[in-house]
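See structure below.
Positions are given from 1 along the sequence.
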Amino acid sequence: MAQMRLLFTAMVMVALVGCTGPISEREIEQLIQRDLRPGDPEAKIVEFLKKNEFPYEYDEVTNRYQASVPKSEFRTLISKRNGIRFEIYLDDRRSFKEAKVRLTYTAW
């Protein structure tokens, strides 16, 4: 009985450690804050996205880059439907203005 309890406790601990996944919203925010500053040119934004291998696209209507963390990077043992998306907004000179990071929920 004690062995079963110990095994169960170990399994719960492993699952809880996995809950945070390999990368979190906060880590993405910190990465952006570390590498990009207001006024940085668009080329630096694209370099940042490519260097970190984030799938991205540019939206002309909203003047922003939309990016996401690949699914393989954020899957957890408990929830496989979470994702992280972020937007990098540009100013009128097409320089870095601000970034917004959010957790999303997907059906797949």
Residue list, salt bridge (charged side-chain N to carboxylate O under 4.0 Å, His left out) with R37, at least two apart or on another chain:
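Here no residue qualifies.
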
Give every residue pair that meets the salt bridge (Lys or Arg N to Asp or Glu O under 4.0 Å) criterion with at least one member in residues 93-105, sequence neighbours excluded.
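Matches after skipping sequence neighbours: E42-R94, E87-R102, D91-R93.
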
Quick one: salt bridge (Lys or Arg N to Asp or Glu O under 4.0 Å) pairs with a partner in residues 45-69, sequence neighbours left out?
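Residue pairs with at least one partner in residues 45-69: D35-K51.
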
Which is it for F54 and L31 under the side chain to side chain contact (heavy atoms under 4.5 Å, CB included) test, yes or no, and what are the steps along the way?
CA-CA 12 Å; F54 294 127; L31 192 61; 3.9 Å; yes

Could I get the full list of side-chain contact (heavy atoms from CB on, under 4.5 Å) partners for P55, not counting sequence neighbours?
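Residues passing side-chain contact (heavy atoms from CB on, under 4.5 Å) with P55: S68, P70.
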
Excluding sequence neighbours, so at least two apart, what forms side-chain contact (heavy atoms from CB on, under 4.5 Å) with D92?
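With neighbours one apart ignored, the set is empty.
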
To the closest 0.5 Å, what do you measure between CG (D40) and CG (L90)?
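Here the rounded value is 11.0 Å.
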
Checking side chain to side chain contact (heavy atoms under 4.5 Å, CB included) for the pair Y58/L49: CA distance, chi angles, key distance, verdict?
CA-CA 11 Å; Y58 176 72; L49 293 166; over 6 Å; no

Least distance between heavy atoms, S95 atom then I45 atom
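Reported closest heavy-atom pair: C-CD1, 4.5 Å.
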
For residues 30-53, pull every pair meeting ring pair (Phe, Tyr, Trp, His ring centres under 6.0 Å), keeping only residues two or more places apart or in separate chains.
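As it turns out, there is no ring pair (Phe, Tyr, Trp, His ring centres under 6.0 Å) pair with a partner in residues 30-53 once direct neighbours are skipped.
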
Treat each ILVMFWY residue as a node, draw an edge where side-chain heavy atoms are under 4.5 Å apart, and state whether V101 and L103 are in one component.
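As far as the 4.5 Å side-chain criterion goes, L103 and V101 are connected within one cluster.
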
When clusters are formed by joining ILVMFWY residues with side-chain heavy atoms under 4.5 Å apart, either directly or through shared neighbours, do I32 and V46 land in the same one?
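Yes, one cluster joins them.
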
